[in-house]
Amino acid sequence: MIDFFASLYEWFGLNPFYRTDFGELLRGYDATCTGYIDSPWYSYIGMIMIILTSLIYAFQYHIIDSSGFNKKKHWWLMSLVIISLNFFIAFIIPFNIIQSSNYCTSLNVAVVDCLGFGFSNAIWSFILFLLISTPPIFRKLSHNCRETTFYRP
Amino acid sequence: MFKSIKLFFYLSSILFLTISCGENLQDIVIECADGNKIDQKEYEKITKFISDEEIEIFNENGKLIDKKLVAYMVNIYLKENLPISEKDIWQLKSSAPKTQSFNLNVFVENSASMDGYVAGVTEFESAIYNLLGDFKINGITNQLNLNYINSSIRSHKNDALSADIQDFILRLEPTTFKQRRGQAGNSDMQKIINSVLTTVDEKNVSVLISDFVFSDPSGAESQQYLTNQGVGIKINFAEKLQNFNLSAIVIQLESSFSGTYYDKKITPITLPTNTKRPYYIWILGSTSQIQTILDSKILDNIKGGYLNRLVMSKIKQESNPNFKILINPKIGEFSAEGLDKKIIFDAEPSDKSNNKGLFGFDLAVDFSSSMQDKKYFLDKNNYRLSNTSYNLTTKTINDPNNISLKGFTHIIHLETKKIQDGPLKIDVIGNTPNWVYNSTSMDDSNIQTDAEEQKKTFGFKFLMEGINDAFYPKTNPNTINSLTVTIKK
């Protein structure tokens with residue numbers, strides 16, 4: 001699972017948003033620099049991103065499920081919430097680790113890497129929201145939002 | 001609607017679990033630190049977690065290595081500022097047999113060339129007094145027997161008490177030396193060493209103290225003499241090694257010297273008062289006896305310290321010290337994925353302008369369990385690499401605050417311009433270290449005025465090469481320690 005999320009966040013090896021060493025921290029390289037025995041943050045944050053995005057999707061399409069909240073502007077509003085929350089989560093967790101120095105200090109990491117990772121997580125959450133709300137597979141189960149996508153109504 | 005709410009709660013529960021899951025090894029290790037002591041139950045809880053989570057990083061050949069785990073735990077506690085050290089952590093008791101105590105036979109060479117070391121109160125006397133005192137009170141020795149040695153052994157006091165040691169030191173004066181000198185005013189080193197060597201057995205350790213100036217007693221200026229002495233010493237040691245598990249410690253110290261020095265032609269030269277001159281303490285015994293002496297740390301506390309130390313021991317089996325590949329610093333790039341298995345994946349040379357085309361990495365190695373002096377591992381001549389395209393440099397670890405280096409003693413830096421797939425074997429070999437050559441004089445005729453020459457010992461390398469060849473024959477690989485790193489492009 002770590003490898004799956006690592007390849008997603010590192011954009012399949014392109015790694016454009018943060019340094020390789022930051023990736024090692026997220027893989028769970030421990031504070032004593034012994035190996036990958038610390039929390040696998042890639043998996044945790046990846047799972048949180050999927051569940052949180054699904055929850056917000058479920059909240060809009062199946063809980064609220066209101067005729068007054070089924071326009072594309074509402075879709076974009078919810079996507080903004082998803083992006084913001086996922087950015088915040090992916091930023092704040094490694095930021096706290098770095099601030100508390102609870103990581104292998106041989107790794108070259110900085111706060112700017114946290115921003116990059118937050119950005120990467122935000123993009124993937126947006127893509128996921130797009131993927132689960134655009135095809136009619138899930139949204140057809142909704143009463144009032146069955147036609148709600150990013151481009152209509 | 002009801003189904004949707006159920007789904008929402010279900011997903012929320014998973015989210016909560018995901019956020020709160022993260023109990024890792026570090027958490028368990030910290031959790032067990034309650035009471036600032038790790039008892040058997042807590043230690044077993046940690047090992048169970050490692051086993052359940054299939055953490056293999058502390059394993060060797062599928063078996064948990066307690067030393068590695070304890071080192072990790074100590075690092076975590078240090079990072080968390082918890083007052084728990086290695087001794088506070090329960091560990092399986094070592095089954096190593098306890099070494100029996102032994103007699104210590106001390107031989108102070110008293111040829112005329114030694115007079116200068118005992119004129120007045122010198123560092124030589126203080127260091128020996130301190131050393132013998134420590135041996136006496138440490139409890140690792142039974143009897144302490146004090147002797148002079150020259151053309152023959154002259155016993156001063158057997159089973160010496162503390163007062164006898166004090167008396168022995170007080171009597172270390174040129175006049176006493178002269179009275180007890182025996183026939184020869186100069187020294188036949190091979191004979192002296194052989195006499196001492198014969199006293200060494202499972203119950204007796206010998207300490208030989210001398211300047212080890214190695215000139216031809218006839219006064220002839222012959223390198224042949226030195227070479228022959230070296231060969232003779234090699235044969236004596238080799239014979240002893242055939243039927244005894246011999247080890248030797250050679251310590252180089254420095255003391256004020258006031259008096260007459262005899263050069264390679266046995267010409268007496270008066271050195272300036274309090275000239276600093278090297279002298280040596282040799283300790284000969286079985287490997288277990290020598291290990292006991294090293295473990296006792298007596299030699300680390302010699303008054304005034306020492307310049308250099310070398311331990312030579314019969315190699316039975318090469319040892320594999322604990323080491324790790326450091327993720328940083330590095331030259332070029334590599335993946336950290338296989339580092340815990342000592343594999344460097346995706347090795348790529350640097351494309352930066354200051355070291356373009358170079359590839360390099362660092363190893364943190366723990367040589368603390370080696371009998372050898374720490375300085376030995378700083379000499380690149382004492383290493384042999386399976387791939388000679390690598391350049392090796394070493395340094396000791398001096399940063400007590402760097403948790404990632406805790407439990408390691410040395411950094412080995414390796415770099416190359418040519419990355420090759422496959423294992424890179426780094427061997428520490430039994431060798432005559434550089435300090436021996438730097439301390440050797442081949443012409444001491446200018447010693448009166450040449451300050452550099454005053455710090456050297458005439459012919460010393462012949463003596464040391466002779467012993468080294470006995471312990472580490474040139475036909476053998478002589479690998480003391482071995483580390484293997486696999487590199488894959």
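Numbers restart at 1 for each chain; the letters A, B, ... are given by sequence-line order, proteins then strands. Reckoned from all heavy atoms, side chains included, excluding hydrogens, waters and symmetry mates.
- Within a 6.0 Å sphere centred on CD of B/Gln420, other residues, nucleotides and ligands contribute more than 12 heavy atoms.
- Qualifying ring-ring contact (aromatic ring centres under 6.0 Å, His included) partners for A/Tyr103, counting only residues two or more places apart in sequence or in other chains: none.
- For the pair B/Asn24 and A/Ile37, the minimum side-chain heavy-atom distance is 4.5 Å or more.
- Heavy atoms of other residues, nucleotides or ligands lying less than 6.0 angstrom from NZ of B/Lys395 number 12 at most.
- Only the side chain of B/Ile55 has a heavy atom closer than 4.5 Å to any heavy atom of chain A.
- For residues 12-50 of chain A, the pairs satisfying disulfide (SG to SG under 2.5 Å) are A/Cys33-A/Cys104, with sequence neighbours left out.
- The CD atom of B/Glu337 sits 10.5 Å away from the CD1 atom of A/Ile2 when rounded to the nearest 0.5 Å.
- Atom CZ of A/Phe119 has 12 or fewer heavy atoms from other residues, nucleotides or ligands within 6.0 Å.
- By the 6.0 Å contact criterion, NZ on B/Lys330 is enclosed, its count of non-hydrogen atoms from other residues, nucleotides or ligands being greater than 12.
- Between A/Ala31 and B/Ile403 the shortest heavy-atom distance is O-CG2, 4.5 Å.
- Chain B forms more heavy-atom pairs under 4.5 Å with one residue of A/Asp30, A/Thr105, A/Asn102 than with any other, namely A/Asn102.
- Contact between A/Tyr29 and B/Ile325 at its shortest, heavy atoms only, is OH-O, 4.4 Å.
- Both the backbone and the side chain of A/Leu107 come within contact range of chain B, with heavy atoms under 4.5 Å apart.
- Taking both residues in full, the closest heavy atoms of B/Ile57 and A/Thr34 are given as CD1-O, 3.1 Å, listed atom of the first, atom of the second, then distance.
- The interface of residues 338-357 of chain B with chain A, defined by heavy-atom distances below 4.5 Å, comprises B/Leu339, B/Asp340.
- For a residue to count as touching a neighbouring chain, one of its non-hydrogen atoms must lie under 4.5 Å from one of that chain's; by this rule A/Asn108 touches chain B with backbone and side chain alike.
- Not a single ring-ring contact (aromatic ring centres under 6.0 Å, His included) links B/His413 to another residue, sequence neighbours left out.
- For the pair A/Asp38 and B/Gln26, the minimum side-chain heavy-atom distance is below 4.5 Å.
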